[in-house]
Structures are given as C-alpha cells and as structure tokens.
Enquirer: 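I'd like to ask you about the structure that follows.
Everything quoted here is computed from the prediction, not taken from an experiment.
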Amino acid sequence: MERWWQLLLGLWTVMPVWAGDELLNVCMKTKHHKREPGPEDKLYEECIPWAEKACCTASTSWHAHLDVSLLYNFSLLHCGLMMPGCEEHFIQAVCFYECSPNLGPWIQKVGSSGQGERIRDAPLCREDCEQWWEDCRTSYTCRSDWLGSWDWSRGECRCPAGAACRPFPRYFPTPAALCQRIWSGSFQASPARRGSGRCLQKWFEPARGNPNEAVARLFAARAPARARAPARRLSCRLAGLAALSLLLAVLSPRPRPRPRPRPRCGSAWARAAPFPGPPQGSSTAGALLGPRPREPVPEPERSVLGAPTAPLC
C-alpha cells in the first residue's frame, strides 16, 4: 500500500497543469522586453510596481518617462504641452506594457515572420479608463489611433497633413473609446472594477501586491486550447516520460539483501588462535625468535549458582 501511495503522489507531482501555466510570468518577444521576468531594483518612478518581477530593464523604465520616448521615437507633445495628469497615465501605460509579466493570455504574434508580439484586448479596469479619460479631457491630440499613420519626415512623429489638434474628447468621446482606440485595440475597456479579479490595473500600489497576477491566472485558464497547444503537447510528453519512469521505479521488485553468515559455535575458524606463530622452518626473524606465545584462554564464566555458562559466539 505504501508503494501505491508513492506512485499516486509522484503522478500528481509530474502531471501537467491544464490551467495555462505557460501563459503566466512571461515577457513579450519585442526589442525592449527581457527574455524572462526577473527582479529589477532600479526601475524609474511609475515603473517601480514591477520591481520584484519585471520584463523591463532600468534603462527601458527611464526612457518610458521621456516626453519624446526613445523606445518608439514617439512624442507626447505632438499637439503642444500635455497636462501632467494626462501624461502620467501614458507613462503608466507604457510601464505596464513594457514591464508587466502578467500579459501572457493577451499576447499575439504580429508580422508575416511571426517573430514579433503584441497584446490584444487586455481588459483594463473601469476605473483606469474613466480616470485616464477624465485627466486627459483638457489635453490635445490629432489622432484617435496612435499606432496609425504619422508624419515621420523630421525623424519624430508629427500630425499628418489635415489632422487638426483638438481636445481628447473630440477623438475619444467616452472612456471606453480612449482605452480601446488609443493603441489599436491593445486594451479593452472592461466593465469590471478594481478588486473584482476580472480586470487589469495599469498601475497599482507596490505595498499592496500585484493584483494582475490572479487576473492573468483566471484568463489563462480560459484561453483557447489552440493558443496553448504547442506548450501543452510538450508538457504532456515530459510528464508522460516522468510518470512512466516513476511507475517502473515503483513497480520493479526491490532486491532483497543477502543475509550475512553468522559464525557457529565450535567452528574451526572460530576456535583458531588470533595470532598464530610463523610456520615451521621459516627463515624470518620471527622464526629465529621462536613461535609467538598464544594468549591465555579465559576460564568460562560461572553463573550465580556456580555452573559454567554457555560460551557466546
């Protein structure tokens, strides 16, 4: 019975997790992302919440705070100065995009080669979209899709010909429109609120922990099977090999140790003297000195009644 419990415990340990673990704690394959998340103790200001497990470097976090970011050569000042509160939301959004390891369920391949990746329809909490829109109402822009066509003739993004700079509400009439259009569907305006476990926060207080981990785990479990098929097949094969090895190890008969022979009382070698003298005719110094005297044999012990006790082997 004990060996069957060992088998069941081992199978439970090596079985693949079907909840989409391959979509958790991952980084996008882009120019500025790290290959895998890890601690970064020198992240800059709005990127600090991801210091314990980040997909960005300290250098990337610093560039995310520039008005003209060197990450994508994009200028937040394409329609003049942006209000500080509005600019803060965009910096937080860039930090969220570059640093978060919890975007796995929404990562998609881009380009014909499939080497690049982006996120699609990542659900931002209702409060995030509402506050973002409210703080940007008095700032100006000239496009509703910031991943669309821009004038790059001078080396940085400028409004294309005929695109007038207007307040944000003219291009984004609702908070949902801002979240969903600003970066070509990278974000989705979720009706869920913060703390519900069903939406992502683009920024959070580090002291309270990362609430997006549980959200990513929930959506990873719901991810389409085709999105996880390659990783699942590999995990199944590895788990199958491990389970087979464990099964053979548990069911194979264990070799029983051979009992060591115990000396019998009165045997010839047990009665032999411990230090016999040299053989007759030996030319060694021991032979010249004569045979070594044998040790005296102790008398048998006697019991309380005076009778000799049986010899012990």
Enquirer: Looking at CZ of Arg217 and CZ of Arg222, how far apart are the two atoms once the value is rounded to the nearest 0.5 Å?
Expert: 13.5 Å
Enquirer: Side-chain donor-acceptor pair under 3.5 Å between Trp146 and Ser184, yes or no?
Expert: no
Enquirer: Flag yes if more than 12 heavy atoms outside Leu77 fall under 6.0 Å of its CG atom; otherwise flag no.
Expert: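 Counting other residues, nucleotides and ligands, CG of Leu77 exceeds 12 neighbours.
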Enquirer: CG of Asp128 to CG of Leu178: how many Å apart, nearest 0.5 Å?
Expert: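 If we round to the nearest 0.5 Å, Asp128:CG and Leu178:CG are 11.0 Å apart.
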Enquirer: Quick check, are the ring centers of His32 and Tyr72 under 6.0 angstrom apart?
Expert: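 Yes; Tyr72 has its ring centre under 6.0 Å from that of His32.
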Enquirer: May I ask you to check whether the SG atoms of Cys99 and Cys47 are separated by less than 2.5 Å?
Expert: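 Answer is no: Cys47 does not pair with Cys99 in a disulfide.
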Enquirer: Could you tell me the separation between the CG atom of Asp145 and the CZ atom of Phe172, rounded to the nearest 0.5 Å?
Expert: 8.0 Å
Enquirer: Do Ile182 and Leu147 come within less than 4.5 Å of each other through their side chains, counting heavy atoms only?
Expert: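 A side-chain contact under 4.5 Å is absent here.
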Enquirer: Got more than 12 heavy atoms from elsewhere within 6.0 Å of CD, Glu36?
Expert: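 Counting neighbours around CD of Glu36, 12 or fewer heavy atoms of other residues, nucleotides or ligands fall under 6.0 Å, so no.
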Enquirer: Side chains of Phe219 and Leu23: closer than 4.5 Å at any heavy-atom pair?
Expert: no
Enquirer: Side-chain contact test, heavy atoms from C-beta onward, threshold under 4.5 Å: evaluate it for Phe96 versus Phe187 and give yes or no.
Expert: yes
Enquirer: Mind checking the CZ-CZ spacing from Arg143 to Arg166? Nearest 0.5 Å is all I need.
Expert: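 If I round to the nearest 0.5 Å, the distance is 14.5 Å.
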Enquirer: For the aromatic rings, using the six-membered ring if either is Trp, is the centroid distance between Trp50 and Phe204 under 6.0 Å?
Expert: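 They qualify: ring centres under 6.0 Å apart.
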Enquirer: Minimum heavy-atom separation for Cys199 and Ala192, please, with both atom names.
Expert: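 For Cys199 versus Ala192, the nearest heavy atoms are SG-O, 3.6 Å.
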Enquirer: So do Cys55 and Cys27 have their SG atoms closer than 2.5 Å?
Expert: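 With an SG-SG separation under 2.5 Å, Cys55 and Cys27 do form a disulfide.
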Enquirer: For the aromatic rings, using the six-membered ring if either is Trp, is the centroid distance between Trp133 and His89 under 6.0 Å?
Expert: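 That pair fails the under 6.0 Å test.
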Enquirer: Working to the nearest 0.5 angstrom, can you tell me the gap between Lys34 NZ and Thr57 OG1?
Expert: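 Atom-to-atom, Lys34:NZ and Thr57:OG1 are 7.5 Å apart.
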Enquirer: Check Arg194 with Glu127, please: is the shortest side-chain N to carboxylate O separation under 4.0 Å?
Expert: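 No, no charged N to carboxylate O under 4.0 Å.
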Enquirer: Is a side-chain donor or acceptor of Glu117 paired with a backbone partner of Lys109 at a separation under 3.5 angstrom?
Expert: no
Enquirer: Go through Glu87 and Asp67 one step at a time and tell me if the side-chain contact (heavy atoms from CB on, under 4.5 Å) criterion holds.
Expert: CA-CA 9 Å; Glu87 184 177 3; Asp67 291 333; 2.3 Å; yes
Enquirer: Would Glu40 and Lys53 count as a salt bridge (Lys or Arg N to Asp or Glu O under 4.0 Å) if you check the C-alpha gap in whole Å, the side-chain angles of each, and the deciding distance to 0.1 Å?
Expert: CA-CA 7 Å; Glu40 294 284 343; Lys53 190 183 297 183; over 6 Å; no
Enquirer: Do we see a donor-acceptor contact under 3.5 Å between the side chains of Ser75 and His78?
Expert: no
Enquirer: Would you kindly say whether Ser186 and Arg120 are connected by a side-chain donor-acceptor distance under 3.5 Å?
Expert: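 Distance-only check fails for Ser186 and Arg120.
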Enquirer: Please determine whether disulfide bond (SG atoms under 2.5 Å apart) holds for the pair Cys159 and Cys142, giving the CA-CA distance in whole Å, both sets of side-chain angles, and the decisive distance to 0.1 Å.
Expert: CA-CA 6 Å; Cys159 294; Cys142 60; 2.1 Å; yes
Enquirer: When you look at Leu218 and Arg198, which way does the side-chain contact (heavy atoms from CB on, under 4.5 Å) test go after all the steps?
Expert: CA-CA 8 Å; Leu218 173 66; Arg198 294 181 286 112; 4.0 Å; yes
Enquirer: Pick from Trp132, Tyr97, Phe74: which one makes a ring pair (Phe, Tyr, Trp, His ring centres under 6.0 Å) with Phe90?
Expert: Trp132
Enquirer: Report yes or no: does Gln180 contribute a side-chain atom to a donor-acceptor pair with the main-chain N or O of Ala189 at less than 3.5 Å?
Expert: yes
Enquirer: Using the rule given for side-chain contact (heavy atoms from CB on, under 4.5 Å), can you reason through Arg158 versus Trp150, listing the C-alpha separation, both sets of side-chain angles and the distance that settles it, and then say yes or no?
Expert: CA-CA 6 Å; Arg158 299 172 63 88; Trp150 293 86; 5.9 Å; no
Enquirer: How about Leu124 and Gln188: do any of their side-chain heavy atoms sit closer than 4.5 Å?
Expert: no
Enquirer: Judged by atom type as modelled, is there a donor-acceptor pair below 3.5 Å linking the side chain of Asn212 to the main-chain atoms of Gln201?
Expert: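 Yes, Asn212 side chain to Gln201 backbone: donor-acceptor pair under 3.5 Å.
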Enquirer: Locate the shortest heavy-atom distance separating His63 from Ser59; write the atom from each residue and the value.
Expert: ND1-O, 2.9 Å
Enquirer: Under 4.0 Å between a Lys/Arg side-chain N and an Asp/Glu carboxylate O for Glu130 and Arg126?
Expert: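 Answer for the salt bridge query: yes.
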Enquirer: Say whether, by atom type as modelled, one donor and one acceptor occur between the side chain of Ser61 and the main chain of Tyr44 under 3.5 angstrom.
Expert: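 Checking the backbone N and O of Tyr44 against the side chain of Ser61, a donor-acceptor pair under 3.5 Å is found.
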Enquirer: Are Met28 and Leu103 packed together at the side-chain level, in the sense that at least one heavy-atom pair is separated by less than 4.5 angstrom?
Expert: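 They are in contact (side-chain heavy atoms under 4.5 Å apart), so the answer is yes.
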Enquirer: Would you say Val215 and Asn102 make side-chain contact, with heavy atoms under 4.5 Å?
Expert: no
Enquirer: Has the side chain of Arg181 got a donor or acceptor atom that lies under 3.5 Å from a matching backbone atom of Tyr171?
Expert: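 Judged by distance alone, yes, a pair lies under 3.5 Å.
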Enquirer: Is any side-chain heavy atom of Cys157 closer than 4.5 Å to one of Trp152?
Expert: yes
Enquirer: Yes or no on side chain to side chain donor-acceptor pair (under 3.5 Å) for Thr30 and His33, after CA distance, side-chain angles and deciding distance?
Expert: CA-CA 6 Å; Thr30 70; His33 282 80; 2.4 Å; yes
Enquirer: Can you measure from CZ (Arg170) to SG (Cys165) and round to the nearest 0.5 angstrom?
Expert: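 Between atom CZ of Arg170 and atom SG of Cys165 there are 12.0 Å.
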Enquirer: Is any side-chain heavy atom of Val94 closer than 4.5 Å to a side-chain heavy atom of Trp183?
Expert: yes
Enquirer: Show your reasoning for whether disulfide bond (SG atoms under 2.5 Å apart) applies to Cys56 and Cys95.
Expert: CA-CA 8 Å; Cys56 63; Cys95 286; over 6 Å; no
